[in-house]
Amino acid sequence: MVRYSSLLGVALLALAPIQAGADVTATYQRPGAVNTAGALTIEVASNGDVRAGNDDRGYYLWTNGKGYDVRPGPGGPTVIRTADTAAARAGIRPASEIMQPWLPVDTVSINGRKGTRYFISGASHNPGAMPLVISRDPSLAILAAGHRRLVAMQESSFPGADSPERVSFREVIAQGAPIDLLGSQLVSISTAAIPSTRFRVPAAPVAAATGRKHQAATNPAAPTPEDMLHRQDRFIKRAVWASDRLWLLTERGTLSSVAPGETNRRTETTPGPAADICVAGAAPVILGVDGQLSRLEDRSWHAMQRLDLNGEAVQALSCTDQRVIAVSRSRLVVSAGARQRTVGLSTPLIGPIVRTAPFDTGTTLLLGLAKGEWGGGLERIDTSTGVVSEVPGLGGPINGVGPEPGHPGCVVATVGLVHFFPSGQVVEACGDKVRRLYYKPYTMQKSWPADPPKLPFETVPFYALTAAADGLWLAGGDGLYAITASRPITFKIMPPFEQIDGVDVSFAVPGLALVRTDIDAHVSLGGGAPLLVAR
C-alpha cells in the first residue's frame, strides 16, 4: 500500500471542475486544520509525469518514464531512484505488511463529490481506522491516472509477493480518484498549466551503492557468528596513528592495529587492559586501568610512570611532546619528564561520559565531553590549580576540539548527535566568546542563511576533528570538512569504508584515516559515528 499519510495536511477549499487533457493540481488536507502546513499536493502533467508530496518534507516524482524519491538532505535535496530502492530491497518484505483486504462499506459525500468508502476488512466500526473514498467522476480521470502511476511506482520499490491489502488497494485505486485519502480530503483542484520545472529531478541521484548500504542498515541481516565475535570491537573508544599504523582501543580495553593495504587487524598485546591511548614523540602511549603509563618501543611496551588517579577510571588522556595529562572524575595528573603532579578538580566531571576530546594549550586542558542524549560541554581545566570552568554557550555533545587556523588563542569545537534525528554545528571559542562557524541543515533548499537566530530542527552532526598540515579536518555525518586560514570551510564526500574484521576503516583520503565506532549507542539512538585521525 502507498504510505501517503506522513505527507498529508490541513484546511478546506472549494472544488473546481477539471477538463480532460489538461494539467491537474490537487490538494489534500485533513478536516479542521487551520493552515496549509503538511498538505499533500499531487501534480499530474498532461504527458503523464507526476509529482506528489510536500515541498518542505519531500515528494515522489515520476518523470521521463522513471521514478524518484526526493527528500530533505544535508544542504539540499537527496534524490533516490525507485529502481535503485527496488534493487536494494530485493527479497525484503515490508515490516508493516497487512494480510487483510480493503472492502467497500458505504457511499459518502466529500466536499460535494460522492464516492465509495473503503476500510481494511470493512472495519467501519473501528473509530481509529483511516478510510479510503474513491470517486468515479469522469472529470477526475487525469487525477485518477496520476494516483495509479504513483501507486505503481511506490509498489515497485518493494518487489516481491503481494499481500491481500496491497492487491486490494491496487484494485480500489484502479476504479477512480481518491477524494478521501487515509483521512485527508480532496479540497482543491486546478487545471492551470504546471511549469515543466516542477517535474525536473532537483539533484543528481545518490549512487546505487549508497542506497544498498542504507537498506542494509535499515533491514540488517541476521548476524553471523563472525559478526558476533567482532561486534564488541566496534565499540571503539579512541583511535590514533603511530608507527604507520592505525591503533584502535575498544571500551573493553583491547587494542588492535591495522595499516593501509592490510586485510586483517593485528591484535596488540598490552601489559593489561588499557584505559586510554595517545601518541607522544611519534610512539603510542597507553594508560592502564591501574594508572600505569607504558610506551611502545621496538614492538614492546616499556613501563613509564604509574599515575595516581585515586582508584578512579580515567576519562581522558592527552599527550604532547612536553607532557602527558590524565583526567579522572575528580583529579588531574600531569606527567612531565620524571616528575608527576596531581591536583584535584574544583568541580568533578559528571554524567554518562562516553567520549572525550582533550586539547592541551600548554596552560589549560580543554576537554570536550560527549554524553549523547544528555548533551555535553567544553570544560576548561587549569592544569596548575585544577579549577574547572565551562565554556558558555556550547550545548550538545562536544566531539572534537582543536586550534583554529589563522586565529591564535581560538579553538574550533564540533557538536554532533543523532538521537532520533541528527543535529550539530561547528563553533569557534575564543575565551568565553563563542560563535557559530558553520552548520548544514537537512533541507529541500540549496541555499540557507549563514547564521540563523535559531538552528533548524535537523542539521548535520559533526564528530571528531584532527589537525593536519593545511589546517583542520572535521568528520561530519555526511562527509569531511576542511578549515584553513585562507579560505572558507570546504566539503568532501565521505570516502568508502572497508570492513576489516568487522570494523569499518578507510584510508581512502591521503593523510587521513577514518574508523566508525558504535560507542555512542550507549547514550543515543543513532548510527556509527566516524573517528578521524591524521596520519
Side-chain angles (χ1 to χ4, degrees), residues 6-7 9-10 34-39 53-59 70-79 202-203 357 368-378 390-402 404-407 410-465 471-485 487-494 524 526 529:
S6 63
L7 301 173
V10 242
V34 295
N35 56 51
T36 59
N54 181 288
D55 284 353
D56 293 328
R57 301 183 185 179
Y59 55 90
V70 184
R71 308 172 184 174
T78 295
V79 179
L369 304 179
K371 304 178 184 180
E373 66 171 304
W374 285 273
L378 181 58
E390 184 174 5
V391 177
L394 287 173
I398 305 299
N399 299 310
V401 185
E404 183 179 5
H407 295 264
C410 297
V411 297
V412 171
T414 52
V415 185
L417 172 68
V418 178
H419 184 61
F420 295 106
F421 62 90
S423 62
Q425 58 181 313
V426 182
V427 297
E428 172 195 75
C430 303
D432 282 343
K433 186 178 180 180
V434 174
R435 71 181 181 97
R436 183 184 303 121
L437 283 180
Y438 185 81
Y439 82 103
K440 183 188 284 187
Y442 280 76
T443 178
M444 296 292 288
Q445 307 301 319
K446 294 185 178 180
S447 63
W448 60 91
D451 193 15
K454 183 179 181 181
L455 284 178
F457 185 67
E458 294 188 21
T459 53
V460 169
F462 289 89
Y463 297 104
L465 62 74
L472 286 180
W473 280 95
L474 288 62
D478 63 332
L480 302 179
Y481 295 77
I483 300 180
T484 65
R487 61 179 184 269
I489 291 177
T490 56
F491 173 73
K492 183 181 182 68
I493 62 171
M494 190 68 77
S524 63

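These figures come from a predicted structure and were not determined experimentally.
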Check whether any side-chain heavy atom of [X] lies under 4.5 Å from a side-chain heavy atom of [Y], and answer yes or no.
X: Leu480; Y: Met494; result: yes
X: Ser423; Y: Thr459; result: yes
X: Tyr463; Y: Val418; result: yes
X: Val70; Y: Val79; result: yes

query: Below 6.0 angstrom between ring centroids: does that apply to Phe421 and Tyr442?
result: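 No: the rings miss the under 6.0 Å criterion.
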- prompt: With respect to Val412, which candidate in Val426, Val401, Val427 satisfies the side-chain contact (heavy atoms from CB on, under 4.5 Å) definition?
  reply: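 Filter result, single survivor: Val426.
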Which atom names give the shortest non-hydrogen contact between [X] and [Y], and what distance separates them?
X: Pro74; Y: Val460; result: CB-CG2, 3.4 Å
X: Pro422; Y: Pro461; result: CB-CD, 3.8 Å
X: Pro392; Y: Asp432; result: CD-OD1, 3.5 Å
X: Ser524; Y: Leu417; result: CB-CD1, 3.6 Å
X: Met444; Y: Pro77; result: O-CD, 3.4 Å
X: Tyr59; Y: Gly53; result: CB-CA, 3.8 Å

query: Looking at residues at least two apart in the chain, or sitting in another chain, which of them share a side chain to side chain donor-acceptor pair (under 3.5 Å) with Tyr438?
result: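 For Tyr438 there are no side chain to side chain donor-acceptor pair (under 3.5 Å) partners, ignoring immediate neighbours.
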query: With Glu404, which residues qualify under side chain to side chain donor-acceptor pair (under 3.5 Å), at least two apart?
result: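 For Glu404 there are no side chain to side chain donor-acceptor pair (under 3.5 Å) partners, ignoring immediate neighbours.
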- request: Would you indicate whether Glu390, at its atom CD, is surrounded by more than 12 heavy atoms from other residues, nucleotides or ligands within a distance under 6.0 Å?
  value: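 Result for CD/Glu390: enclosed.
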query: Would a distance-only check, ignoring hydrogens and angles, find a side-chain to backbone donor-acceptor pair under 3.5 Å from Asn399 to Gly416?
result: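 At least one qualifying donor-acceptor pair exists.
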- prompt: Hey, is the main chain of Ala464 close enough, under 3.5 Å, to the side chain of Thr414 for a donor-acceptor pair?
  reply: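 No; zero donor-acceptor contacts below 3.5 Å.
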Scan the side chains in residues 446-453 for donor-acceptor partners under 3.5 Å anywhere in the protein, sequence neighbours excluded, and list what turns up.
from   : atom 1 : to     : atom 2 : distance (Å)
Lys446 : NZ     : Pro202 : O      : 2.6
Trp448 : NE1    : Tyr439 : O      : 3.4
Asp451 : OD1    : Arg436 : NH1    : 2.4

- request: Among residues two or more places apart or on two chains, list those pairs meeting disulfide bond (SG atoms under 2.5 Å apart) that have a residue in residues 416-458.
  value: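 Listed by first then second residue: Cys410-Cys430.
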field: By side-chain contact (heavy atoms from CB on, under 4.5 Å) - contacts of Asp56 (at least two apart)
entry: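 Residues passing side-chain contact (heavy atoms from CB on, under 4.5 Å) with Asp56: Asn54.
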field: Set of side-chain contact (heavy atoms from CB on, under 4.5 Å) partners for Phe420, sequence neighbours left out
entry: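 side-chain contact (heavy atoms from CB on, under 4.5 Å) list for Phe420, sorted by chain: Leu525.
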task: For the pair Leu369 and Ile398, evaluate side-chain contact (heavy atoms from CB on, under 4.5 Å) and give the outcome as yes or no after the intermediate values.
output: CA-CA 5 Å; Leu369 304 179; Ile398 305 299; 5.9 Å; no
task: Is it possible for you to check whether Lys440 lies under 6.0 Å from the centre of the six-membered ring of Tyr481, through NZ or CZ, and within 45° of that ring's axis?
output: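 Pair Lys440/Tyr481 does not count as cation-pi.
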